[in-house]
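Residue numbers begin at 1 in each chain, while the letters A, B, ... track the order of the sequences.
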Number of protein chains: 2
Amino acid sequence: MSETAADLVNALREEGLRITKARRAICEVLGAAPDAHLTAADIREQAQEVIGTRIDESTVYRTLDTLEERGYLHHIHPGHAPGVIHLSVVAEHHHLVCEDCGRIVDVPLDELEPLLEGVAAEHGFIIDSVHFALMGRCWECGWAARMKAFGPE
Amino acid sequence: MSETAADLVNALREEGLRITKARRAICEVLGAAPDAHLTAADIREQAQEVIGTRIDESTVYRTLDTLEERGYLHHIHPGHAPGVIHLSVVAEHHHLVCEDCGRIVDVPLDELEPLLEGVAAEHGFIIDSVHFALMGRCWECGWAARMKAFGPE
DNA sequence: CTCGATGCAAAGGTTTTGCACCAGG
DNA sequence: CCTGGTGCAAAACCTTTGCATCGAG
C-alpha cells in the first residue's frame, strides 16, 4: 500500500469513519496515482481489481462524497465529460482540458491564482480554484484542426 | 420581434437553413434577452409560450446545436447545473458561478483573457474562453457561510 | 450490539438518438 | 416534390436516493 493511501486510511480512522474493504480499495487507488485524473468509473474499476470483488457505483460516489466533505479530495468538471477526482494532498493546480481529445494539463496554482483572485474579488467573488477546468485545445488537436481547415481547398 | 432575433433568423436563412415555427420562436427568446443566462429548458419553456404550441426538447437541443455549430451562440458548464446558453453577438465575457446559489456574474473578457491566454500558451493550449465557468462563492453566500461558521460556538 | 456502510434497484436530471411523418422552400 | 426539421419514444449517461442487510468497532 502506498504511503499516501495509508495516510488516507489513517485519516479516515481518526475521523471516526469505518474502514471497509471498499473504502480501503478506493484509498489505495487514489493513493497509487495521486496526480492522475480519474473519474468515478475509473476509480470503481480499479478498486474492484484491487479487492477482486464488486463495488457498487453508489458506494464509490458516497465514499468520494465523504472524502470530499472532509477535505481529502476535490472534483472538477471538465466540460461535457464526467467529473474528475483529485487528491487534495497533491500540490493544487488549475486544469486545462482539451475539448477535442479530453487531455488534461495541470497548471501550477501560482501561475493563475493571484490573477483570478484579484479579478473575482472586484466582482464580489471568492474563487474556488480547484473546482473548475479551463477549456481549450491542446497543441496537437489545434494543429489537426488547422490542417483540416487547410485541407479541403 | 427584437432586432437581434431578426438578425438571427436572417442569418439562418442565409445559411440555407429552414425557418420553422420552433426555430423562429427560439431565436425570438434568445434575441429578447441577449445577455440572459438561459438553460435549454428555459429556452424551451419561453419559446413554447411565444408560439403557444409544444416544442420538443430534442428540437431545442438540435436547434441550439445548429446555432452553435454556425457560431451564433456558445454554451458554458456551470458546475453541476445544466448548461447555459449564450448569444455570441453579445460582448463576450467570462462567467463567475456561485456554487451555493447559482448566481452568475459576468466578467469582461479583457480583464482575464490576456492573462489566461498567456499562461495557457506556455502549456501548449489555446484557451476557449467562452466555454467554461469559474466557480466560487458570491459575496452573499460567502458571508452566509462565515456567519454559519461563527454561529454554533 | 449498534450504527454506519454496502449492495441492489430504482429514479433523477440532462442530453442524445432512431424513426416515421410533416412542412418549408 | 424532396430534403431537412419535427415530435415522439426510447435510451444513454452520470449521479443520487430509499431500503433492507451486513459488518466494523
Side-chain angles (χ1 to χ4, degrees), chain A residues 8-27 37-45 47-48 50-70 73-85 97 99 102 131 133, chain B residues 8-27 37-45 47-48 50-70 73-85 97 99 102 131 133:
Chain A
L8 249 185
V9 171
N10 286 332
L12 290 192
R13 205 190 318 274
E14 275 162 33
E15 299 251 9
L17 298 172
R18 294 189 181 163
I19 312 303
T20 65
K21 275 187 187 177
R23 285 187 174 169
R24 200 187 297 275
I26 290 171
C27 290
H37 299 107
L38 303 172
T39 65
D42 295 335
I43 293 171
R44 180 177 174 225
E45 237 169 283
Q48 288 181 148
V50 168
I51 55 173
T53 63
R54 182 186 158 71
I55 302 177
D56 198 74
E57 299 112 340
S58 58
T59 300
V60 175
Y61 281 110
R62 282 192 274 232
T63 300
L64 295 178
D65 278 0
T66 304
L67 289 174
E68 183 154 17
E69 272 170 23
R70 316 275 169 142
L73 53 81
H74 300 292
H75 70 272
I76 59 168
H77 304 277
H80 303 122
V84 167
I85 278 50
V97 177
E99 296 172 346
H131 198 188
Chain B
L8 250 185
V9 171
N10 286 333
L12 290 192
R13 205 190 316 275
E14 275 162 33
E15 299 252 9
L17 298 172
R18 293 190 182 162
I19 313 302
T20 65
K21 276 186 187 176
R23 284 187 175 169
R24 198 186 298 275
I26 290 171
C27 291
H37 298 107
L38 303 171
T39 65
D42 294 336
I43 293 170
R44 180 178 175 224
E45 239 169 282
Q48 287 182 146
V50 168
I51 53 174
T53 64
R54 182 186 159 70
I55 302 177
D56 199 73
E57 299 112 339
S58 58
T59 300
V60 175
Y61 280 111
R62 283 191 273 231
T63 299
L64 295 178
D65 278 359
T66 303
L67 290 174
E68 183 153 16
E69 271 169 25
R70 317 274 168 142
L73 53 82
H74 299 291
H75 69 271
I76 59 167
H77 305 277
H80 303 121
V84 167
I85 278 51
V97 177
E99 296 173 344
H131 196 189

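Judged by atom type and distance alone, A:Arg62 reaches the base of C:dG7 through a side-chain donor-acceptor pair under 3.5 Å. Within 3.5 Å, a donor on the side chain of A:Ser58 pairs with an acceptor on the base of C:dC8, or the reverse. One donor-acceptor pair, N or O on each side, does fall under 3.5 Å between the base of D:dG4 and the side chain of B:Arg18.
Using bins of under 30°, 30° to 60° and over 60° for the plane-to-plane angle, the ring pair A:His75/A:His131 lands in the perpendicular bin.
Within the structure, a side-chain polar atom (N or O) of A:Arg54 is placed less than 4.0 Å from OP1 or OP2 of C:dC8. Side-chain nitrogen and oxygen atoms of A:Tyr61 include none within less than 4.0 Å of the OP1 or OP2 phosphate oxygen of D:dT16. Contact check, B:Thr59 against D:dG5: no side-chain N or O comes under 4.0 Å of OP1 or OP2. OP1 and OP2 of D:dG5 both lie 4.0 Å or more from every side-chain N or O belonging to B:Thr20.
Rounded to a whole Å, the CD1 atom of B:Ile85 is 11 Å from the C1' atom of C:dT14. B:Glu69 has its CD atom 11 Å from the P atom of D:dG5, to the nearest Å. A straight line from CZ of B:Arg23 to C1' of C:dA23 spans 12 Å, rounded to a whole angstrom. The CD-C1' distance, from A:Glu57 to C:dC8, rounds to 10 Å in whole Å. Taking atom CG of B:Leu12 as the reference point, atom P of D:dG4 lies 15 Å away to the nearest angstrom. For B:Glu68 and C:dT16, the CD to P distance is 10 Å, given to the nearest whole Å. D:dT6 atom P lies 12 Å from atom CG of B:Asp65, rounded to whole Å.
The side chain of B:Thr63 has D:dT6 as its nearest neighbour among D:dT6, C:dG25, C:dT6.
Nearer to the 5' terminus of DNA chain C, by closest-nucleotide assignment, is the contact made by A:Thr66 (compared with the other of A:Thr66 and B:Thr39). Map A:His80 and A:Asp56 each onto its nearest nucleotide of DNA chain C; the residue landing nearer the 5' end is A:Asp56.
The shortest side-chain heavy-atom distance between B:His77 and A:His77 does not fall under the 4.5 Å cut-off. Contact check for B:Glu68 versus B:Leu64: no side-chain heavy atoms found under the 4.5 Å cut-off.
The backbone N or O of A:Thr39 lies less than 3.5 Å from a partner atom in the side chain of A:Asp42, making a donor-acceptor pair.
A distance of 9.0 Å separates CZ of A:Arg23 from OG1 of A:Thr59, quoted to the nearest 0.5 Å.
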